[in-house]
Amino acid sequence: MKKILIALIVFALAPSTSFAGPKIEVLHWWTSGGEAAALKVLKDDFAANGGEWLDMPVTGGGGDAANVTLKARIVAGDPPSASQIKGPTIQEYDQEGVVAPYNIDAIAQAEGWDSLLDPMIAAVHKCQNNSGPYCAAPVNIHRIDWMWANKEVFDNNNLSMPTTWDELNAAADTLKAAGIIPFAHGGQPWQDATVFEAVAMGVGGNNYYKNCFVKLQGYTDPGSPGRDWNVATGMVIEGKAGFQIMGDWAKGEFTAAGKSPGWDYMCVPTPSNNGYLYNVDSFIFYKTDDPDKVAGQKLLAKLMMGKNFQKVFNLYKGSIPARLDVPMDEFDDCAKASNADIKTAGASGGLVPSFAHGMAQGNTIKSALQDVITEHFNSDMSSVDAANALADTVLANM
Ligand code: GAL
């Protein structure tokens, strides 16, 4: 009896290493109305499969603040079990030795991710220089080079969506003359960089700053510095501003506000020669000894690449599925156009990774370039000085 009692006490006091169920701590920056609605699809799926989700949101569109928090946790030896991540940064963290490829590669193999993803997108999510095991999972493809406009405002001013940068400037002048803020913008470094890369891709050449980038700045309102992107989208939704250049997470805000494309708002890509700036949202999984978290990582990776999840999530998020086999018939015309254009761009060499959203470079050079662009957008820095500063920044980071 005494022995049994002692055994029971020892058992009760022993630290629990037993499996309690899948658990995951997710660090992300999806806090706007549209973003949160999309993420809820994943949280609900995770809970419905018996998982416990510990949410770690870091507000700030574009993820600059979230990336600083993530880096700090990694440096402190306390990474979350999963986090939002972009393209090349996956390899940076892998090289730091904090990523846990084998937890999810088995899922990726069992579910056949190689056959569900475009090979270029698949490679981005494989550790060991893009050719080892899968260590991250993609949930979507966002397009950056979009313009969003309020239909009523455009109709009332006899305007149609511009198809050239000159038409865009002319439309902005008409709106300005009518007393409407032409261009809803938030003056934050990543938003300035988002507009910059759309203009740079579409125009190129020596005069692009002067003709488009600088001119666009003159079409914003005095309240733009520091404004959050979804507040700027709200200005278009309410008809306080004519249009916005922003990735298609902006459509998530229109959707959350109950607006329909074609009726309430219009979407067209910014003018370019079949260019398509792409931005894939992914989640990466970090090393952990906790069996609940390992189970959580496996469950989350499996759910994220699920066929129905990728449909429902992307209907809310504004993006298109990363999986190639998701039917597009329930998507709206903006998403259908994105899905068609990505194929055209891919076939004609126009598929360009977004630097403003961390798809082309890691976070260090991205931030350095953003600093120059945002200074140019928000000061009287000349175009020549800005071009030289950009070149110097690239050289310094090579
Ligand atoms: C992007 C991200 C999108 C959206 C946006 C604004 O970098 O890929 O999913 O969240 O930031 O926050």
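Hydrogens, waters and symmetry mates play no part in the numbers below; they use all other heavy atoms, side chains included. Here, residue 1 is the first one in the sequence, and each next residue gets the next number. As the structure lists them, so they are numbered: ligands from 1, and atoms in each ligand from 1.
- The shortest heavy-atom contact between Val99 and Cys127 is CG1-SG, 3.8 Å.
- Panel note: side chain Asn157, backbone Leu159; no donor-acceptor pair is recorded below 3.5 Å.
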Pairs under 3.5 Å, nitrogen or oxygen of ligand 1 with protein nitrogen or oxygen:
{"residue": "ligand 1", "atom": "7 (O)", "partner": "Lys86", "partner atom": "NZ", "Å": "2.7"}
{"residue": "ligand 1", "atom": "7 (O)", "partner": "His357", "partner atom": "ND1", "Å": "2.8"}
{"residue": "ligand 1", "atom": "8 (O)", "partner": "Lys86", "partner atom": "NZ", "Å": "3.0"}
{"residue": "ligand 1", "atom": "8 (O)", "partner": "Asn279", "partner atom": "ND2", "Å": "2.8"}
{"residue": "ligand 1", "atom": "8 (O)", "partner": "Asp281", "partner atom": "OD1", "Å": "2.7"}
{"residue": "ligand 1", "atom": "8 (O)", "partner": "Asp281", "partner atom": "OD2", "Å": "3.3"}
{"residue": "ligand 1", "atom": "9 (O)", "partner": "Trp30", "partner atom": "NE1", "Å": "3.1"}
{"residue": "ligand 1", "atom": "9 (O)", "partner": "His142", "partner atom": "NE2", "Å": "3.4"}
{"residue": "ligand 1", "atom": "9 (O)", "partner": "Asp281", "partner atom": "OD1", "Å": "3.4"}
{"residue": "ligand 1", "atom": "9 (O)", "partner": "Asp281", "partner atom": "OD2", "Å": "2.6"}
{"residue": "ligand 1", "atom": "9 (O)", "partner": "Lys317", "partner atom": "NZ", "Å": "2.7"}
{"residue": "ligand 1", "atom": "10 (O)", "partner": "Trp29", "partner atom": "NE1", "Å": "3.4"}
{"residue": "ligand 1", "atom": "10 (O)", "partner": "Trp30", "partner atom": "NE1", "Å": "2.9"}
{"residue": "ligand 1", "atom": "10 (O)", "partner": "Glu35", "partner atom": "OE2", "Å": "2.6"}
{"residue": "ligand 1", "atom": "11 (O)", "partner": "Trp29", "partner atom": "NE1", "Å": "3.3"}
{"residue": "ligand 1", "atom": "11 (O)", "partner": "Gly62", "partner atom": "N", "Å": "3.4"}
{"residue": "ligand 1", "atom": "12 (O)", "partner": "Trp29", "partner atom": "NE1", "Å": "3.4"}
{"residue": "ligand 1", "atom": "12 (O)", "partner": "Glu35", "partner atom": "OE2", "Å": "2.6"}
{"residue": "ligand 1", "atom": "12 (O)", "partner": "Gly62", "partner atom": "N", "Å": "3.0"}

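- The side-chain tip of Lys151 does not point at the ring of Tyr265 from less than 6.0 angstrom away and within 45° of straight on.
- Applying the side-chain contact (heavy atoms from CB on, under 4.5 Å) rule to Ala335 yields the partners Lys251, Ile320, Met328, Phe331, Asp332; only residues at least two apart in sequence or on another chain are considered.
- Remark: Arg73 pairs with Glu25, Asp78 by the salt bridge (charged side-chain N to carboxylate O under 4.0 Å, His left out) rule, at least two apart or across chains.
- Residues forming a side-chain contact (heavy atoms from CB on, under 4.5 Å) with Asn140 (at least two apart in sequence, or on another chain): His142, Asp281, Phe313, Asn314, Lys317, Ser319.
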